[in-house]
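Just below is one structure, and these are the notes that go with it.
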Amino acid sequence: MEPIIKIEDLVFDYQSDEDGGTVTAVDHVSLDVERGSFTAVIGRNGSGKSTLAKNVNALLLPSGGAVYVNGYSTADEDKLWEIRRTAGMVFQNPDNQLVSSIVEDDVAFGPENLGVEPAEIRLRVDEALRAVNMYQYRKKAPHLLSGGQKQRVAIAGVAAMRPECIILDEPTAMLDPLGRKEVMDIIRKLHAEGITILLITHFMEEAAQADRVVIMDRGRLALSGTPEEVFSHREEIRDMSLDVPFAVELADRLRKKGAALPEGIICEEGLVNCLCRL
Ligand code: ADP
Ligand code: MG
């Protein structure tokens, strides 16, 4: 089957204001995202993750190469709404994404823009709010909600457009641990329902929950594979100034002290299970 997102040798240059030169934020990246998959993108600040995501959503257009969403090139202006409807985007700051003074109006905003019928909008809004466990807050003002709740409303707003894919750019970066967990639970649930997830995160524990992890470094795709494969490259990851998940680090230290732990431990539960079997 055709991948839902196909990134072919993508280059993206920003024009720099100061000297009129260019900054190459994405440097010859190729990546296929399979339908129904859950891909996490990690990389330190400035490695090009947001620029890559905005190219998928046609918020930015390639300087070189091409991006296809459902087979449509993002450079094809006639397909802009088709692309945005297929691949919805959630950003880091929930306050910049909520536009209405009532939660349910906010969730209705996306489908309204797509020209969905009012009765159908009502159904979708209720369904999306239930999916993110925010239905009971539907009449509330967004500014009264916690960060995690606001971010769940933002996700509901995207889900109400019935996208096949949701791209989330560090959606938990501004949240407390509880808010992060709530948002990750929703992301996993949407994935279980069949939505393709592309999650940009700087939390390694979140990346470890994906089917596939992609590491960006200075605009390039440095590593890609299952979490087990990628996080086994511990030294390379440290050289890119990134951490590995806590369980990977701890398992590594235990092995160095002689514990006969297998490779491929990426989460705390896996580590506990392996330790109990020693
Ligand atoms: P990340 O999301 O991984 O932190 P970004 O995609 O935001 O990385 O940025 C990649 C590179 O592009 C960085 O060097 C950054 O400074 C540069 N950059 C990002 N946005 C702009 C912009 N609007 N104008 C000029 N340079 C930018
Ligand atoms: Mg970013």
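Start at 1 with the first residue, then count along the sequence. As the structure lists them, so they are numbered: ligands from 1, and atoms in each ligand from 1.
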Can you tell me how far CD1 of Ile167 sits from CG of Leu52, rounded to the nearest 0.5 angstrom?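 Leu52 atom CG to Ile167 atom CD1 measures 9.0 Å (nearest 0.5 Å).
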Tell me, please, whether Phe38 has Arg212 positioned over its six-membered ring: NZ or CZ under 6.0 Å from the ring centre and within 45 degrees of its axis?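 Ring-cation test returns no.
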Is the cationic atom of Lys79 (NZ for Lys, CZ for Arg) positioned less than 6.0 Å from the six-membered ring centroid of Tyr72 and within 45 degrees of its normal?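 Yes, a cation-pi geometry holds between Lys79 and Tyr72.
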Verify the contact flag for atom 15 (C) of ligand 1, where contact means a protein heavy atom under 4.0 Å away.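 Answer no: nothing from the protein, no heavy atom, is under 4.0 Å.
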Is there a protein heavy atom at a distance of less than 4.0 Å from atom 1 (P) of ligand 1?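 So far as the 4.0 Å threshold goes, atom 1 (P) of ligand 1 is in reach of a protein heavy atom.
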Using the rule given for side-chain contact (heavy atoms from CB on, under 4.5 Å), can you reason through Val116 versus Met161, listing the C-alpha separation, both sets of side-chain angles and the distance that settles it, and then say yes or no? CA-CA 9 Å; Val116 176; Met161 293 194 273; over 6 Å; no
Which heavy atom of the protein is the closest neighbour of [atom], given with residue, atom name and distance?
atom	answer
atom 8 (O) of ligand 1	Gly48 N, 3.1 Å
atom 3 (O) of ligand 1	Lys49 NZ, 2.7 Å
atom 13 (C) of ligand 1	Gly46 O, 3.7 Å
atom 19 (C) of ligand 1	Tyr14 CE1, 3.4 Å
atom 9 (O) of ligand 1	Thr51 OG1, 3.9 Å

Distance filter under 4.0 Å to Asn45 heavy atoms, resulting ligand 1 atoms: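 Going through ligand 1 atom by atom, the ones under 4.0 Å from Asn45 are 4 (O).
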So, Arg238 and Glu235, do they make that salt bridge, N to O below 4.0 Å?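 A salt bridge is present here (some side-chain N lies under 4.0 Å from a carboxylate O).
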Out of curiosity, is Arg44 lining ligand 1, as in a heavy atom under 4.0 Å away?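 So Arg44 counts as touching ligand 1.
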Can you tell me if Gly43 contacts ligand 1 (heavy atom of the residue under 4.0 Å from the ligand)?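 Outside the 4.0 Å threshold, so no.
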Please say yes or no: joined through hydrophobic side-chain contacts below 4.5 Å, possibly via intermediate residues, are Ile186 and Leu129 part of one cluster?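 Yes, Ile186 connects to Leu129 through the hydrophobic network.
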Would you say the ring centers of Tyr135 and Tyr137 fall short of 6.0 Å from each other?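 For Tyr135 and Tyr137, the ring centres are not under 6.0 Å apart.
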Of the listed options Ser16, Ala53, Ala25, closest to atom 12 (O) of ligand 1 (non-hydrogen atoms):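 Heavy atom nearest to atom 12 (O) of ligand 1 belongs to Ala25.
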Using a distance threshold of 2.8 Å, state whether an N, O or S atom of Ser50 lies below it from the Mg ion (ligand 2).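 Yes.
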Name the residue from Gln209, Glu206, Glu193 that meets the side chain to side chain donor-acceptor pair (under 3.5 Å) definition with Arg188.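 Exactly one candidate clears the test, Gln209.
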Using side-chain heavy atoms (C-beta onward) and a distance below 4.5 Å, is Ile7 in contact with Val56?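 Yes, at least one pair of side-chain atoms sits under 4.5 Å.
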Ligand 1 to Ser50 polar contact by distance, N or O atoms, under 3.5 Å: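 Looking only at distances, the answer is yes, because the N/O contact criterion of under 3.5 Å is met.
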Val23, any N or O under 3.5 Å of ligand 1 N or O: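 No; every N/O pair is 3.5 Å or more apart.
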